[in-house]
Structures are given as C-alpha cells and as structure tokens.
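I have placed the structure first, in the form of structure tokens, so that the comments after it can refer back to it.
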Amino acid sequence: MLAYQTVPVTPFQQNCSIVWCGATRQAAVIDPGGELPRIEAAARELGVELAQIWLTHAHIDHAGGAGELARRLGLPIVGPHPGDQFWIDGLAEQSRMFGFPAAEPFTPARWLADGDTVTVGRETLAVRHCPGHTPGHVVFHAPGAKRAFVGDVLFAGSIGRTDFPGGNHAQLIASIRERLWPMGDDTVFVPGHGPESSFGAERRFNPFVRG
Ligand SMILES: [Zn+2]
Ligand SMILES: [Zn+2]
C-alpha cells in the first residue's frame with residue numbers, strides 16, 4: 001500500500017509530501033520547496049529511504065530545494081512537464097523576489113507528460129498534465145490509495161492563481177474538470193497549500209468549479 005506524510009515547508013507553508021511503498025520503504029519526496037533538514041528528519045523518523053524527487057511544477061515554494069537535495073543525496077528529479085522549463089530557468093530570480101534562500105539550479109532526469117507513470121518501490125502512480133496555474137504543472141494520482149497530489153491546481157474551497165506568466169484561467173478550469181474529476185468523488189487530494197479535501201466535496205461546494 002502507498003503511504004504518505006505531508007510536511008509543510010517554507011514561509012508559504014507548502015505541502016511537501018513524502019510518499020512511500022509500505023513493502024520496500026522506498027520513498028519519493030513531492031515538491032521539496034525548502035527546509036530540507038525538516039524533510040530529511042521526517043524521512044528518518046518514518047524509516048523510509050528517499051529515492052526520488054517528484055515535482056508538480058517549478059514555482060520556488062515547490063521546487064526551491066530540489067536541486068540541493070538531488071545533489072546531496074544523489075536523487076533523480078522527475079518532472080514537471082517541459083512547459084515549466086522557463087520557471088526552472090527563473091528559480092534564482094524567484095528566490096530573490098520572494099526572499100527565499102538561493103535555489104540551486106537543476107535539470108530534471110526525466111520530464112513528465114500526460115499519461116506517464118512514476119514508480120516508487122512497488123507502487124505506481126499515474127501522471128496527469130494539468131496546465132493553467134503553470135504551463136507544465138502535473139499531478140500524481142494513486143488510484144489504489146484513492147489519493148492525488150495536485151500541487152497548486154486545486155485547493156479546499158479555491159483554485160490555483162492564474163495571474164503569473166503562462167497562467168491561463170480557462171485552461172485551469174478545464175484541467176480540473178477533465179483530469180481531476182474523473183479520478184472519482186471519493187478521491188482525497190493533497191493540495192500544495194492548506195488542508196486536504198475530496199474531489200466530491202469540491203464538486204459540490206467549491207465556488208470556482210462546482211456543478
Ligand atoms: Zn505554484
Ligand atoms: Zn505553491
């Protein structure tokens with residue numbers, strides 16, 4: 001079974017998630033935006049081995065720590081979709097703009113596309129490309145565990161901002177309706193910020209996407 005623990009990091013309280021295979025205790029860390037010692041301490045306490053870094057998108061609060069963590073632990077960076085290359089190229093500028101520690105540059109070992117899968121231990125998650133908040137945003141879906149890690153696409157009661165370069169409101173709404181809703185009403189999602197919710201609850205109550 002897939003298990004996970006969320007560690008909010010950075011001044012933006014970004015939900016970094018450690019996801020692992022219960023059988024092998026191999027883990028992937030989704031969106032290590034910063035505060036790497038806290039993430040590494042959580043992995044040690046859980047008794048899991050960090051083996052990969054998966055990125056939903058390349059905003060500083062999600063990707064700011066990825067380069068350093070990859071270099072120090074020798075981990076591959078998987079994702080996001082190539083549409084976010086310009087955000088990776090701009091990480092240094094994002095660091096300065098938001099007062100974050102300087103982000104180490106990196107090149108993903110593997111880019112992701114819609115329909116891809118990622119595997120940690122014996123667990124496989126599906127990748128959906130969900131542009132709108134950023135052009136290269138992806139989400140990770142674990143159908144067996146009925147969980148999805150959606151970054152800044154959808155939040156409990158809200159949706160991602162689309163006023164950054166490359167943002168597109170209509171595209172974001174389409175990503176949510178066409179690529180998240182089919183995962184099922186009973187699927188619980190971990191958003192990039194704030195509490196978890198289910199797609200069913202958002203379909204009923206989220207004023208941006210209900211109905
Ligand atoms: Zn973002
Ligand atoms: Zn964010």
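Whatever order the structure lists them in is the order used to number ligands and atoms, beginning at 1. Counting begins at 1 with the first residue of the sequence.
- Under the side chain to side chain donor-acceptor pair (under 3.5 Å) test applied with D152, the options R161, Q14, H62 reduce to a single match, H62.
- Under the 4.5 Å side-chain heavy-atom criterion for ILVMFWY residues, a single connected hydrophobic cluster contains both L55 and F98.
- Hydrophobic clustering of Ile, Leu, Val, Met, Phe, Trp and Tyr side chains at less than 4.5 Å, counting indirect connections, unites F106 with L69.
- Using a 4.0 Å cut-off between charged side-chain N and carboxylate O, E104 and R72 make no salt bridge.
- Minimum heavy-atom separation, G65 to L36: O-CD1, 3.6 Å.
- Side-chain contact check for F140 versus V127: some heavy-atom pair is nearer than 4.5 Å.
- Listed by chain and number, the protein N, O or S atoms at a distance under 2.8 Å from the Zn ion (ligand 2) are D61 OD2, H62 NE2, D152 OD2, H193 NE2.
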